[in-house]
Undergrad: 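One structure follows; several queries about it will come next.
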Amino acid sequence: MQKAYDPESFETRIYEWWEKNKCFRAEDESKKPAFAIAMPPPNVTGALHNGHALGDTIQDALTRWKRMSGYNALWMPGTDHAGIATQMVVERHLAKQNIKRAEIGRAAFVQKIWEWKEKHGDIIMTQKRKLGVSADWERSRFTLDPGLSKAVREVFVSLYEQKLMYRGTRLINWCTRCQTALSDLEVIPTERKGNFWHIRYKSADGKVTLVIATTRPETLLGDTAVAVHPEDGRYKQLVGKKVKLPLLNREVPVIADAYVDKDFGSGALKVTPGHDFNDYDLGKKHSLPILSVFDKQGRVNAEGQQYKGLKILEARDKVVTDLEAQGLLERIEPHTHSVGLCQRCDTVVEPMISDQWFVNVKPLAEKAIEVVRRAEKLSLAEVDRRDDAIKIVPEGWTNTYYQWMENIRDWCVSRQLWWGHQIPAWYCAKCNEITVSREDSTKCAHCGGSELKQDEDVLDTWFSSALWPFSTLGWPEKTKSYRTFYPTSVMETGFDILFFWVARMIMMGLHFNDGKVPFKRVYLHAMVRDEKGQKMSKTKGNVIDPLDIIKDYGADAFRFTLASMAGQGRDIKLSLERIEGYKAFCNKLWNAARFALMRLGFLEGELPPGLKVIAAPDFSVITQGKPLEEWITSKRKHFHPINQWILARLDLATERVNVAMEEYRLNDAAAEIYEFVWHEYCDWYIEFSKELLNSHQEETSVCLMHVLDQALRLSHPFIPFVTEEIYQSLPERPGVKRTEPLMLQAFPKASKASLTEESESVGMWKSAIEALRAFRGENNISPKARPKITYEVMASEKHQAFEKGAPYIRALAQLESLSEEKGSSRGDAAVGEVLTRDVKFYIPLKGLVDVEGELKRVQKEKSDTLADIEFVKGKLSRESFIAKAPQELVDKEREKLRFLESKVAEFDRALDRLGRLK
RNA sequence: GGGAACAUAGCUCAGCUGGGAGAGCGGCGCCCUUACAAGGCGUAGGUCACAGGUUCGAUCCCUGUUGUUCCCACCA
């Protein structure tokens, strides 16, 4: 081991060693219980961001923990072809070389994307390796792999056969820049400042004028009605009559519908079924004609007569100008409203009538609701045991999930792109019918014609992602992998893709796997923000690159930070200071290990002169060939209290870590590990051991090594690199071969041995040390001073237990000597007194402390204690408390009061003494 | 409009089913003490957003108010 902790010097080496030794591999067939996580597939164009880092840290910690706990653990990796995103990236890339998609044609363009993918597609996976991701890389899948494509076709065709997939002419979201249809989810409603234009419409006979208000005046070119509320007196006489559309002079009917809000705007609504979703529904209801006035490029078509060829916004300006010129514009009022923007390119999305493929998801959604509802009444453990329930954590998201599922609308799955799964539907030139088929079709299923043309469109990227948990396992084949790992154990991902992905996986998973859920738990992690709580974005320039963090602090420190902050349901504000703190933790562990190894003689050459090195113990001789843990278990009852104490603390920490991990409370597990390693093992046990090794060498050597070994195992899921590096430096010992990686060792399980009476006396020693240190600190006694102190144990039954600790208290409190008080100091004015619960210490003040300072200290202690007494008295004086609180608690409070009062008496004596001295 | 979450020490956050509030970082004081100055020891700092209610007792449970954030639906 190197002297300094330097993660950069070993993380890459360790990772390569694991990979070379196939440590990440899961078995298709195994006697071990299965545990599986499907990794959310990043886009092939992606680069690792902090969201990935958080998810990967959580998933990796869970996988490593399960793997070490005896599970056949599979973490299934892969990448997503990400239709629009990838096509855009490569298009931009080609544009730099002056190559245009339209010019080179579909086949050549798709070829170019594949080339790009081969070259750049694995970058993110390389980055994930830096984080320590222990996924089974040999199983990596890509959504356009032959196997996954087969699954996509199977699902498409089955849905078609079940009449859940259909082609229809509907109003859909159209991005005029991407030139494709979008699903509802891909449209982001965004607040925009605009205007409310109030326009005068005249009745056909020219007698009546009514005013309608609109945010999109250009759409009047496509109006096919004006709607008013049936009970609106202002317009009642117009219902059923016609009004003249301004500018175009086309006549449209006035219809009445309760959908119209009398009090909004002018109470009259222009109806444009061809370019507005609400108007579309209204139009359907009233059998209005549906007019398309914009083309796919977002220009006015021939329907718009004199406006033909203008872009939508140009048409808006022109329409407004013309209305004004004709005196038909009553007024313009600024108005903020929301417009739908394309998720990928921020272009305003236009509702358009178009032929597209849709999935009728309603029937699938009902089942998807059921499985989540079922889990509400079940515990996590129960959910894990079955395959028909899904628990969503944090639970707050279930309501959102239900709400979305209950109001779900048909899913538009066709996209006018080239990169993706081409839709397996063929159109017959002869009879115009559609043939949908698992195999590439050459013959029309309806007329037998052979002139077929495949649908040009591809499927929404999320269509193939929806199959991810089973398509990656070989479905539709019932492979061994599939049988072993489906349903998977947990889906861990960001809440932002709950609908895009999680909801759809649940629907598809249930539908195509005999009602079995795709995963038993859904764990939604928070969003990683910058330290001010702002979303990280390139335009804001506040992006912290995870790779930079790893370079500066090491992957372990970063992982430990993320795990510590992964508390459920809250955004994470990433701060570098916090990461630095956890790097210090890794450093602490590193140095603790170096101490143990050096002190036991396994690590040479760095000890300062004067420190006694123990000849390296041969553990196999000490334990007679038994593994350390087994030997400890059989002997621990007879160990020195300090060793019993650390073993008990280890049991407690182990128990807590396992419980927290079961519930995926990684932050609690991380905190427990931090506390145990630093504040129990390092601060106390190692310090005690310096003295203890002088007298109880064998058992202490074994405990020092064993507890370190167990601490490394407990920490490994969070900080895999540093723990592995240290572990490989530990000496040979029974039951452990040095060449075996830590990541494949057994995760600790708490032994049943509880806190023994012996180990409890260590608590008494610790508080004695703390009290003496505080005395020194408060009185500014030089750390170099070595006072001679005497003690008196108040309760005689504790006398022996305390006495046993004297050498350790002497060592840790830096005393010259600690001996029992024989009466010489008692009552001596020049002797200070320090009280703990069980013991009183007498400290000679001469030359150590100035009397004034000590007086102050005692006075402060006394007044603190008096305040405590007031509090307890207040409690005990309430009769209702005595009557209704549990007897146990009342007794405890009374006992506390007695103790506090005796303390005050002691302080009074001390003050009296000090006063005399002055 | 509907739903969810959050408000705790200067900062970032823990606090499980209600019994006198914790950590990390930062501050202050003393120490380069023999694994670790990325360290050690000590110490200061909080009417747990506000107002009610339930209870012997509320940071914790209930109601309301205020503030922040997010999701869904969008009255043109």
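Lettering follows sequence order; numbering is per chain, from 1. Excluded from the calculations below are hydrogen atoms, water molecules and symmetry mates; all remaining heavy atoms, backbone and side chain alike, are included.
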Undergrad: For B:U68 and B:A76, measure between their P atoms and round to the nearest Å.
TA: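 Result for the P pair: 24 Å, nearest Å.
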Undergrad: Only counting residues at least two apart or in another chain, list the ones meeting ring-ring contact (aromatic ring centres under 6.0 Å, His included) with A:F500.
TA: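 Residues passing ring-ring contact (aromatic ring centres under 6.0 Å, His included) with A:F500: A:W462.
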Undergrad: Quick check against the 3.5 Å criterion: does A:N407 have a side-chain atom that pairs as donor or acceptor with the backbone of A:Q403?
TA: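 Here the side-chain-to-backbone pair exists.
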Undergrad: Toward the 5' end of RNA chain B, which comes first, A:Q814 or A:H337, by nearest nucleotide?
TA: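 Mapping each residue to its closest nucleotide by heavy atoms, the 5'-most match is A:Q814.
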Undergrad: Touch check for A:A592, heavy atoms < 4.0 angstrom, all strands: base, sugar-phosphate only, or nothing?
TA: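 The residue A:A592 makes base contact.
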Undergrad: What's the CD1-P distance between A:I686 and B:C36, to the nearest Å?
TA: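 Answer to the nearest Å: 12 Å.
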Undergrad: Using a cut-off of less than 4.0 Å, is there contact between a side-chain N or O of A:K573 and OP1 or OP2 of B:C13?
TA: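 A:K573 to B:C13 OP1/OP2: side-chain N or O found under 4.0 Å.
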Undergrad: Looking at B:C36, B:A4, B:C70, which one has an atom nearest to any side-chain atom of A:K3?
TA: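 Ranking B:C36, B:A4, B:C70 by closest atom to the A:K3 side chain puts B:C36 first.
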Undergrad: Mind checking side chain to side chain donor-acceptor pair (under 3.5 Å) for A:R373 and listing every partner two or more places apart, or none if nothing turns up?
TA: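 Scan of A:R373 (side chain to side chain donor-acceptor pair (under 3.5 Å), adjacent residues dropped) gives A:E406.
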Undergrad: So which protein nitrogen or oxygen atoms get under 3.5 Å of nucleotides 16-22 of chain B's nitrogens or oxygens?
TA:
| residue | atom | partner | partner atom | Å |
| --- | --- | --- | --- | --- |
| B:G20 | OP2 | A:K875 | NZ | 3.4 |
| B:G20 | N7 | A:K896 | NZ | 2.9 |
| B:G20 | N1 | A:D868 | OD1 | 3.4 |

Undergrad: Return yes if some donor-acceptor pair links the side-chain N/O of A:H275 with the main-chain N/O of A:V293 below 3.5 Å, else return no.
TA: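 Yes.
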Undergrad: Any chance the rings of A:Y401 and A:W397 have centres within less than 6.0 Å?
TA: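 No: the rings miss the under 6.0 Å criterion.
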Undergrad: Using the P atoms only, state how far B:C74 lies from B:A14, rounded to an integer number of Å.
TA: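 My reading of the P atoms in B:A14 and B:C74 gives 34 Å.
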Undergrad: Would you kindly give the CZ-to-P distance between A:R594 and B:C36, to the nearest whole Å?
TA: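 Spelled out: CZ on A:R594 to P on B:C36 is 6 Å.
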Undergrad: List for me each residue that meets ring-ring contact (aromatic ring centres under 6.0 Å, His included) alongside A:F775, sequence neighbours excluded, and say none if there are none.
TA: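 Here no residue qualifies.
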Undergrad: With sugar-phosphate meaning primed atoms plus P, OP1 and OP2, does A:Q403 contact a base, only sugar-phosphate, or nothing at under 4.0 Å between heavy atoms?
TA: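 Base, at least one base heavy atom under 4.0 Å.
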Undergrad: Please check if the side chain of A:R786 supplies one atom and the backbone of A:K784 the other of a donor-acceptor pair under 3.5 Å.
TA: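 Answer holds: yes.
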Undergrad: According to the Watson-Crick and G-U wobble definition with distances under 3.5 Å, which dot-bracket string, read 5' to 3', encodes RNA chain B, using [ ] for crossing pairs and | for pairs with another strand?
TA: (((((((..((((.....[..)))).(((((.......))))).....(((((..]....))))))))))))....
Undergrad: Would you measure the distance from the P atom in B:U33 across to the matching atom in B:A49 and give it in whole Å?
TA: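 Taking atom P in both B:U33 and B:A49, they lie 44 Å apart.
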Undergrad: Give the rounded distance in Å between these two atoms: CZ of A:F560 and P of B:C13.
TA: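 Value for this atom pair: 18 Å.
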Undergrad: Could you tell me the separation between the CG atom of A:D281 and the P atom of B:A76, rounded to a whole number of Å?
TA: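 That distance rounds to 15 Å.
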Undergrad: Say you pick atom C1' in B:G57 and the same atom in B:U69; how far apart are they, in whole Å?
TA: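 34 Å, rounded to whole Å.
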Undergrad: A:C682 near the nucleic acid: base, sugar-phosphate alone, or nothing, with a heavy-atom cut-off under 4.0 Å?
TA: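 Result for A:C682 = base.
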Undergrad: Just to verify, what does A:D223 make a side chain to side chain donor-acceptor pair (under 3.5 Å) with, not counting sequence neighbours?
TA: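 A:D223: side chain to side chain donor-acceptor pair (under 3.5 Å) contacts with A:Y201, A:K270, A:T272.
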Undergrad: Classify A:A213 by what it touches in the nucleic acid, base, sugar-phosphate, or nothing, heavy-atom distance under 4.0 Å.
TA: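 Base: the residue A:A213, judged by heavy atoms under 4.0 Å, touches a nucleobase.
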Undergrad: Using the P atoms only, state how far B:U12 lies from B:G19, rounded to an integer number of Å.
TA: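 Comparing P positions in B:G19 and B:U12 gives a spacing of 27 Å.
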Undergrad: Tell me the interatomic distance from A:Y582, atom OH, to B:U12, atom P, rounded to whole angstroms.
TA: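 Taking atom P of B:U12 as the reference, OH of A:Y582 is at 15 Å.
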Undergrad: With sequence neighbours left out, write down each residue that passes side chain to side chain donor-acceptor pair (under 3.5 Å) with A:N587, or none if nothing qualifies.
TA: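 Residues passing side chain to side chain donor-acceptor pair (under 3.5 Å) with A:N587: A:N591.
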Undergrad: Do nucleotides 38-47 of chain B as a string where each nucleotide becomes B, S or -: B if the base has a protein heavy atom under 4.0 Å, S if just the sugar-phosphate does, - if no protein is that close.
TA: BSSSSS----
Undergrad: Rounded to the nearest Å, what distance is computed from the CD1 atom of residue A:I188 to the C1' atom of nucleotide B:C74?
TA: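 In whole Å, B:C74 C1' and A:I188 CD1 are 15 Å from each other.
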Undergrad: Checking only heavy atoms, does the side chain of A:T400 share a donor-acceptor pair with the base of B:C72 at less than 3.5 Å?
TA: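 No pair found.
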Undergrad: For the C1' atoms, the ones on B:C30 and on B:C70, what distance do you get once it is rounded to whole angstrom?
TA: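 That atom pair is separated by 48 Å.
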Undergrad: So what does A:Y674 touch, heavy atoms closer than 4.0 Å: a base, only the sugar-phosphate, or nothing?
TA: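 If one applies the 4.0 Å heavy-atom cut-off, A:Y674 turns out to touch the sugar-phosphate alone, with no base involved.
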Undergrad: Find the distance A:E395:CD to B:C6:P and express it as a whole number of Å.
TA: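 The distance from CD of A:E395 to P of B:C6 comes to 12 Å, rounded to the nearest Å.
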Undergrad: With a 3.5 Å cut-off and sequence neighbours excluded, list the donor-acceptor pairs that the side chains of residues 870-881 of chain A form with protein atoms.
TA:
| residue | atom | partner | partner atom | Å |
| --- | --- | --- | --- | --- |
| A:S877 | OG | A:K873 | O | 3.3 |
| A:S877 | OG | A:G874 | O | 2.9 |

Undergrad: Looking at residues at least two apart in the chain, or sitting in another chain, which of them share a side chain to side chain donor-acceptor pair (under 3.5 Å) with A:E376?
TA: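 Side chain to side chain donor-acceptor pair (under 3.5 Å) check on A:E376 returns A:Y402.
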Undergrad: When rounded to the nearest Å, what value does the distance between P atoms of B:A21 and B:U47 take?
TA: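 That atom pair is separated by 13 Å.
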Undergrad: With C1' as the reference atom in both, quote the distance from B:G26 to B:C61 in angstrom, rounded to an integer.
TA: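 Roughly 35 Å separates the two C1' atoms.
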Undergrad: Kindly indicate, with the supporting measurements, whether the criterion side-chain hydrogen bond (donor to acceptor under 3.5 Å, both in side chains) is fulfilled by A:E186 and A:N173.
TA: CA-CA 9 Å; A:E186 289 161 297; A:N173 301 293; over 6 Å; no
Undergrad: Using atom types as modelled, flag every donor-acceptor pair under 3.5 Å from a side chain in residues 885-894 of chain A to any protein atom, sequence neighbours excluded.
TA:
| residue | atom | partner | partner atom | Å |
| --- | --- | --- | --- | --- |
| A:Q887 | NE2 | A:D891 | OD1 | 3.1 |

Undergrad: Nearest to the side chain of A:F264, heavy atoms from C-beta on, is which of B:C70, B:A76, B:C74?
TA: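 Selected nucleotide: B:A76.
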Undergrad: May I have the distance from A:F499 (atom CZ) to B:A4 (atom P), rounded to whole angstrom?
TA: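 That distance rounds to 13 Å.
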Undergrad: Not counting sequence neighbours, which residues clear side-chain contact (heavy atoms from CB on, under 4.5 Å) with A:D496? List them please.
TA: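 In terms of side-chain contact (heavy atoms from CB on, under 4.5 Å), with neighbours along the sequence ignored, A:D496 is linked to no residue.
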Undergrad: Answer with base, sugar-phosphate or nothing: what part of the nucleic acid does A:S575 contact at a heavy-atom distance below 4.0 Å?
TA: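 No contact at all - A:S575 keeps every heavy atom at 4.0 Å or more from the nucleic acid.
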